[in-house]
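Note that the structure is a prediction, hence the values are computed from the model and not measured. Lettering of chains follows the sequences in order, A, B, ..., and the numbering in each one begins at 1.
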Protein chains: 2
Amino acid sequence: MKSMSTKPNDNTASTIFNACKNCRLTSICTPLNLPPITLDELSTQERVIHKGDELFNSKTPFSSIFAVRSGALKTILSSQPSQPQVTGFYLPGDIVGLDGLETNTHTNSATALETTAICEISFDKLEKFSLNDPTTQRPFLQLMSQEINNNQALFMQQSKKNAEQKMASLLLSISARFKKQGYSDESFSLPMPRADIANYLGLTVETVSRVLTKLNKEQYFNIDKKQISQLHIKKIQQLAES
Amino acid sequence: MKSMSTKPNDNTASTIFNACKNCRLTSICTPLNLPPITLDELSTQERVIHKGDELFNSKTPFSSIFAVRSGALKTILSSQPSQPQVTGFYLPGDIVGLDGLETNTHTNSATALETTAICEISFDKLEKFSLNDPTTQRPFLQLMSQEINNNQALFMQQSKKNAEQKMASLLLSISARFKKQGYSDESFSLPMPRADIANYLGLTVETVSRVLTKLNKEQYFNIDKKQISQLHIKKIQQLAES
DNA sequence: CGCACAGTTGAGAGCGATCAATTCGGGTGG
DNA sequence: CCACCCGAATTGATCGCTCTCAACTGTGCG
């Protein structure tokens, strides 16, 4: 009997490499020139969590970051427990969990919005592999810096937009991420409830609902429940760019 | 005649160390265990720029970060040139310029709001000193991570606040930074014009003016032109924490 | 079948934007 | 030193977007 492949628990480097090659984890691995063999030591096998399950919460020690393989997560910050803030939606290809770096404990909680498969990457090991090598430390810092720039500039601009423009921006962001993963960018399902969208965008549920209805009528897209179809990307870009 | 101090151009290591020891640059240097001698190689002499001068703009290659010694700067992002966004105010002790890390070019421009003294720190050298040493690379990443967390959570919460609460938060932020530098935290001068405050907070100049007038009447502080005095910190914290 | 929750739709109120007029202040030149 | 000017700041009146409160509809699940 051959001792390779097809076994359910086949956790060899090549298997993991295949699992990772299509996800945005490559945005970390690739620029850092990590040889495939090290991926074996960095990442664990794919893991599945279910709707409502927490991947980590604000009491979880930070030791890993996570790549979303399928499904969707939301992150919530509850610095004031009375006013939880949805801080992000994470779709296939996204990396979640860097929020724990500062204090060595996650500050957000991450909850599955539906059945979700994730890859766990040990940050300690990633750090050793990437940062001890002078030629790869800069790319890693740049990855962090991206988040700084994206968040600061993007969110400050966001706060000046009206409800329609905020909704448009979110839809474009989701659309772009699906596209990057090889899915349709004009037909997809919104994995999160209206209340989460509202919280994330700083609106009320009622306003989100009204905006979706209005944009639907005006042919920006068709929406039925959570299903978006015929998203008119150019048209909605014009709307978003105020 | 003694050959120490009091000379205008005394640019020795000890002078620079003295110049730096009171500034928030220590938040980089200290946790990284940089020996004082290396500061000589990292930082240059204090430099003065005048109101309206640009420290860097969006075309400046990234090679240094800057510590504000006195005065004040604003950073502006003009990704859509028609809608410039004030992205930050930098007071004594603040570090400005990390925005250039991602693309190796600054994305913001930094303009002096008044006569301002700054220290320039070579990022290349800082990076070599700090990151080649495994015991100091984590603190540096944490510094970056702080910015991520601060910005994301803070700005998302910010966008849900009303005009008074936004103004309160900004005043508290400024007050705290002055305090950290040993200045009064209840009496200080706002270095930026109302228009910059408005742009930064996502409000109009008129609203900023009205809010300041209202908070003045309600004894949160006294304001005369740019001069804030008798800032009632506890009271204004309650307002900010919605 | 009924319950709980998610989502939609409507009416009214309030906050901040907009438009407009006025005041204030710093700088310049006579 | 004063008159003048121009931009910054204040103040007022009105409009509109979004929130709030409320009722209703739809949906998944026991």
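Of the residues in residues 159-167 of chain A, those placing a heavy atom less than 4.0 Å from an atom of DNA chain D are Asn162(A), Ala163(A), in numerical order.
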For residues 76-84 of chain B, please give each side-chain donor-acceptor pair under 3.5 Å, one per line with the distance, not counting sequence neighbours.
from: Gln83(B); atom 1: NE2; to: Ser242(A); atom 2: OG; distance (Å): 3.3

Listing, residues 204-219 of chain B side-chain donor-acceptor contacts under 3.5 Å, not counting sequence neighbours, or none:
from: Thr204(B); atom 1: OG1; to: Thr207(B); atom 2: N; distance (Å): 3.3
from: Thr204(B); atom 1: OG1; to: Thr207(B); atom 2: OG1; distance (Å): 3.0
from: Thr213(B); atom 1: OG1; to: Ser209(B); atom 2: O; distance (Å): 2.9
from: Lys214(B); atom 1: NZ; to: Glu164(B); atom 2: OE2; distance (Å): 2.4

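In this structure Ser109(A) satisfies the side chain to side chain donor-acceptor pair (under 3.5 Å) test with no other residue, sequence neighbours excluded. Considering only residues two or more places apart in sequence or on other chains, Ser64(B) meets the side chain to side chain donor-acceptor pair (under 3.5 Å) condition with Glu120(B). Taking the salt bridge (charged side-chain N to carboxylate O under 4.0 Å, His left out) definition, one finds that Lys74(A) meets it with Asp196(A), sequence neighbours left out.
Taking 4.5 Å as the limit, some side-chain heavy atom of Met192(A) sits within range of a side-chain heavy atom of Ile174(A). Counting only heavy atoms from C-beta outward, the side chains of Val48(A) and Thr116(A) never approach each other to under 4.5 Å. Between Arg177(B) and Asp94(B), some side-chain heavy-atom pair lies under the 4.5 Å cut-off.
Taken over five-pair windows at either terminus, the axes of the helix from dC1(C)-dG30(D) to dG30(C)-dC1(D) are inclined to one another by 30° (rounded to 10 degrees).
Note on residues 198-242 of chain A: pairs passing ring pair (Phe, Tyr, Trp, His ring centres under 6.0 Å), not counting sequence neighbours, are Phe89(A)-Tyr200(A). Applying the salt bridge (charged side-chain N to carboxylate O under 4.0 Å, His left out) test to residues at least two apart or on different chains, none of the pairs has a partner in residues 224-242 of chain A. Within the structure, the side-chain hydrogen bond (donor to acceptor under 3.5 Å, both in side chains) test picks out no pair touching residues 182-193 of chain A (sequence neighbours left out).
Nucleotides of DNA chain D lying under 4.0 Å from heavy atoms of chain A occupy a range whose first and last members, 5' to 3', are dT18(D) to dT27(D).
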Review point. How does protein contact run along nucleotides 5-14 of chain C, one letter per nucleotide 5' to 3', with B for base contact, S for sugar-phosphate only, - for none, heavy atoms under 4.0 Å?
Key: --SBBBB---
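The aromatic rings of Phe62(A) and His106(A) stand perpendicular to each other, their planes meeting at an angle above 60°, with 30° marking the opposite boundary.
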